[in-house]
Each structure stands twice: as C-alpha cells, then as structure tokens.
2 protein chains.
Amino acid sequence: MSEVNLPIASFSPLYEQIKAMILASLQAGEWLPGEVIPSEMELAARYAVSQGTVRKAIDELAAQNLLVRRQGKGTFVATHQEDDWQYRFLRLAPDSGEKFHLISQFLACEQTKATDYVANLLKLKAGDPVIYIDRVQTFAGQPVVFEEIWLPGSRFKGLDLNTLNDWHGPVYALYESQYATHMVRAEEKIKAVSADEGLANHLQVIIGAPLLSVERVAFTYGNKPVEIRHARYDTSEQHYENRLN
Amino acid sequence: MSEVNLPIASFSPLYEQIKAMILASLQAGEWLPGEVIPSEMELAARYAVSQGTVRKAIDELAAQNLLVRRQGKGTFVATHQEDDWQYRFLRLAPDSGEKFHLISQFLACEQTKATDYVANLLKLKAGDPVIYIDRVQTFAGQPVVFEEIWLPGSRFKGLDLNTLNDWHGPVYALYESQYATHMVRAEEKIKAVSADEGLANHLQVIIGAPLLSVERVAFTYGNKPVEIRHARYDTSEQHYENRLN
DNA sequence: TAGTGGTCTAGACCACGGG
DNA sequence: CCGTGGTCTAGACCACTAC
C-alpha cells in the first residue's frame with residue numbers, strides 16, 4: 001500500500017478564515033449589536049487581504065443575518081432592538097391578515113434546578129441553576145399564547161419578575177441589552193396537543209381544545225443554546241406561517 | 001417647484017438582468033431539471049459580460065435552490081428527482097430520530113371544478129377544471145399523514161389514479177417528469193385541529209384527537225401557484241421541524 | 001465633498017472530476 | 001490532461017448617506 005495524503009482540514013479558503021475572525025470579534029463583544037463594524041477597506045487592511053475577500057466574508061455573515069449592510073452608511077451588527085426585527089422569530093399571524101400586536105403578561109419568574117430534559121437541551125448538568133418564566137400573550141383582548149421559558153441561571157443572574165414587567169419590548173431585546181446575549185438562530189419542534197385544565201384556563205378555551213405546541217431552542221454565537229421556550233398557541237383565529245425554499 | 005427626476009425602475013444591476021435571462025431560459029424549458037447549463041464562460045460570452053457577473057447571478061439562483069453548483073462538473077438545474085431532494089419540502093420527522101420512510105396509498109383522483117377557495121389560491125376562475133387527489137401515508141405500518149391535493153386541470157391533463165399508483169417516488173418528481181412542472185417554493189399555514197370522523201378513520205385515532213393541519217401552496221418558476229395541499233399529521237410520534245435564522 | 005457599500009472587469013491561480 | 005467551478009487580487013466606477 002502506498003502512502004496516502006490525509007488532510008485533516010481539507011483546505012480552508014481565506015474568506016472562511018476572515019469570517020471566523022469576524023465571528024470571533026462578534027462573540028467577544030468587540031462590536032455590539034446595533035453598532036457599525038469597521039469599513040471593508042479597514043478590515044482588508046487589518047487582515048491583510050483584498051477588499052473583495054472581506055466582501056465575500058461579510059456577504060455570507062449578512063446572509064446568515066449576523067450582520068446588516070447599509071449602503072452609504074456601513075455594516076452593522078444585527079440586533080433584536082430594531083423595529084423590523086422585533087418579531088424576527090415569530091411565525092404566528094392572524095388569519096385575517098391584520099397587523100399583529102401581542103401584549104405580554106408575565107406570570108412567574110423563578111429560580112429552579114435543571115431537569116434532565118432542560119439540562120440536556122441547554123448543555124448544562126442536571127440540577128444546575130435555571131430560571132423559569134411563564135407568560136400569557138393576548139391579541140385584541142384574547143389570550144393567544146401561553147409560553148414557558150427556561151434560561152441558564154449563570155448567564156441571566158438577577159432576572160426577576162419586576163425586571164420583566166418593567167421591560168417594554170421583545171424579550172430578546174432585553175437579553176441583548178441586559179445580559180449581553182444576542183440570539184442568532186433557533187430550532188422549533190411543532191406538535192398538535194389537547195388543552196389540559198391549566199392551558200384551558202390560561203388561553204380561555206375548553207379542556208381538550210386543540211393547541212399548537214411549539215418547542216424552541218435558541219442559540220447565540222458559536223451555536224451555544226441559551227434559551228428553551230415551550231409555547232402553546234391557540235390557532236383558532238391565527239396560524240403558524242412557514243416558507244419552504 | 002423644481003423638476004424632479006422620477007426613475008421608474010430605479011437602477012437594475014447587470015447581474016440582475018442576467019439572472020432574469022437565466023430564469024427565463026429555465027421557465028421556457030431550455031435547460032430541463034437535472035441537466036447541466038452552459039459553463040460560466042459560455043454564458044459570459046452569450047450575454048457579453050464578464051465571468052464575475054455571471055457568477056454573481058448564478059450564485060443567487062443557487063442560493064434560492066433553482067440551480068446546483070458542482071465543482072469540476074458544472075452547474076445543474078435543480079430537480080426533485082435527486083435522492084437528497086426527495087423530501088425537500090417535508091418538515092415532518094419522527095420524535096425518535098429514526099430515518100423516515102413514508103409509504104403512500106392513493107385513495108382518489110377525480111376531475112372536479114374549482115371552489116372559490118381553490119380558484120383563489122391557484123389563480124383560476126371558480127368552476128375551472130381541477131384535479132382532486134387524496135392519500136394516506138404510513139410509517140412503520142401506522143398511518144401518519146392524510147393529504148388532499150388540488151391541481152389545475154389544464155396543466156395536469158390525464159393524471160389519474162392508475163398513474164399515481166404506478167408511480168414510485170415523490171409526487172413532485174412525477175410532476176416534473178410527466179407534466180414539465182418543477183416546484184420551486186412553497187408556503188405553509190399551520191394550525192392545530194381536532195379529528196372529525198373521516199380523519200379519525202384515515203389516521204386511526206379517536207374522534208377529537210389533536211392533529212396538525214398544514215395547508216401548502218406550491219409555486220413553479222415565475223411565482224405561479226400550481227398545487228394546493230392540505231395535510232393532516234398525527235403528531236403523537238412525530239413532529240414538524242423548523243429552523244429560524 | 002468625502003466615505004461607505006455596490007457593481008463590474010480582467011486576469012492569475014487553485015481544487016475537483018473525468019477522460 | 002483539460003474543463004469546470006472556486007478563490008483572490010487590483011482597480012475603476014457607480015449609488016447612497018451625511019456633513
């Protein structure tokens with residue numbers, strides 16, 4: 001048998017390396033959500049490559065919604081605090097086509113310990129400190145969403161019911177401004193379930209009514225899971241929208 | 001008041017025009033699903049632009065899954081007949097994580113007339129000829145999906161139950177090979193519903209069991225809607241997966 | 001007017017696939 | 001070996017924003 005060439009990492013283009021370095025800066029907080037990053041020329045100089053190579057790196061990060069390009073102004077770090085990003089991860093919409101404005105009422109925010117299920121998804125150890133939150137969201141006076149949230153206690157120290165109730169705006173914007181945690185991506189698993197007594201009360205439907213169960217895991221930079229959300233939607237007057245490409 | 005410059009189409013980059021021309025060729029059937037399109041150099045010559053401009057056009061079409069690039073081989077027209085594309089639009093997956101293999105049993109394939117609902121979504125006139133199909137799909141012997149499909153009669157002339165039952169493979173592959181119709185994109189609206197008697201029979205669940213209702217409209221080139229699909233999933237042992245970016 | 005991102009070009013060289 | 005797509009560069013010019 002002849003010798004075989006076994007490249008471990010079989011070729012990494014320059015722009016991938018630039019991408020990785022920009023990502024590292026984002027993760028390290030060198031440029032915060034909403035801020036401008038250096039211009040393409042500056043980055044090209046910093047990394048000693050051509051502008052075209054930086055462009056390609058930025059293009060891909062922008063395609064993943066990590067950066068936002070604005071012609072004439074610069075390239076910005078994506079943020080959930082912008083108006084048009086407020087509902088970036090919300091796929092629920094009214095059947096009527098109206099504009100959707102949900103009002104949030106937080107019910108609880110407690111320190112607990114991670115169950116196996118939660119620990120597994122958040123990559124913690126069972127028993128690690130975890131924050132549990134739940135809330136109801138209403139649209140036009142009707143309760144539409146009941147949501148339970150689990151957060152790693154270490155990252156979200158001090159989060160309590162008062163903080164949540166004083167906050168007006170999306171929860172992801174709060175995570176960003178108070179806990180330096182920007183959500184980049186999420187995965188959802190959806191099922192149809194029947195309302196039990198508790199859900200029936202929260203959503204003002206009859207026991208046994210069909211509800212949409214949406215389990216979400218949300219990730220920050222570096223594919224780090226930092227939030228679990230288990231929502232139940234009353235879909236009698238609204239639906240979950242999805243686009244397949 | 002001074003004169004104002006009012007550009008109707010406010011600037012269209014060259015690569016957008018190239019994109020439009022490539023799209024026109026795809027729509028016209030100049031290159032069929034699965035075939036190679038001309039090389040970047042050839043296209044650059046044909047359109048009298050540089051290779052880089054053609055590249056950018058192709059890059060965007062590939063990002064939309066209309067074309068597939070294969071280094072060393074060429075650029076191909078996307079097709080639902082490739083193995084890895086068989087389930088491109090299927091978001092249902094077993095909770096267990098097993099590989100999913102659905103077996104399809106067609107129940108009906110009939111000529112009917114478009115209701116207002118169907119006509120509206122397919123951009124037909126009410127009463128236009130429409131083909132109605134329904135089927136049950138099973139996984140490991142258990143019925144999991146009940147699906148109703150509506151197609152415009154004009155485009156799918158001659159489609160009948162025998163054709164469907166003789167066909168082994170995804171329906172979208174059949175549309176492609178027999179009716180020159182490639183599906184490019186789809187939109188789904190999802191709700192939770194209760195099983196009525198008919199659904200309970202098809203899916204072997206009790207009446208009132210919660211089911212996932214998935215209404216899909218699928219589009220060919222040029223944003224033309226050509227299929228409506230209303231599926232009901234039994235999500236007791238499987239779930240609908242979605243990724244948010 | 002200066003600075004940013006956006007487009008377009010031409011040319012060199014690399015990686016991959018298949019004869 | 002050649003042809004394909006993939007990477008990288010350098011430079012010109014355009015479009016948008018803000019001062």
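Proteins come first, then strands; the chains are lettered A, B, ... in the order of their sequence lines, and each starts at number 1.
Summarising the geometry of P94(B) relative to H239(B), their closest heavy-atom pair is O-CE1, 3.8 Å, with the distance given to 0.1 Å. Nearest heavy atoms, T235(A) versus I190(B): CG2-O, 4.4 Å.
Inter-residue side-chain proximity for F100(B) and L90(B) is flagged as met; some heavy-atom pair is nearer than 4.5 Å.
Cation-pi check for R91(B) over Y240(B) is not met; the charged atom does not lie both under 6.0 angstrom from the ring centroid and within 45 degrees of its normal.
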What does the B/S/- profile of nucleotides 4-11 of chain D look like, 5' to 3', with a 4.0 Å heavy-atom cutoff to protein? BBBBSB--
Would you please test K189(B) and E215(B) for salt bridge (charged side-chain N to carboxylate O under 4.0 Å, His left out) and show each step? CA-CA 5 Å; K189(B) 294 186 179 184; E215(B) 291 184 76; over 6 Å; no
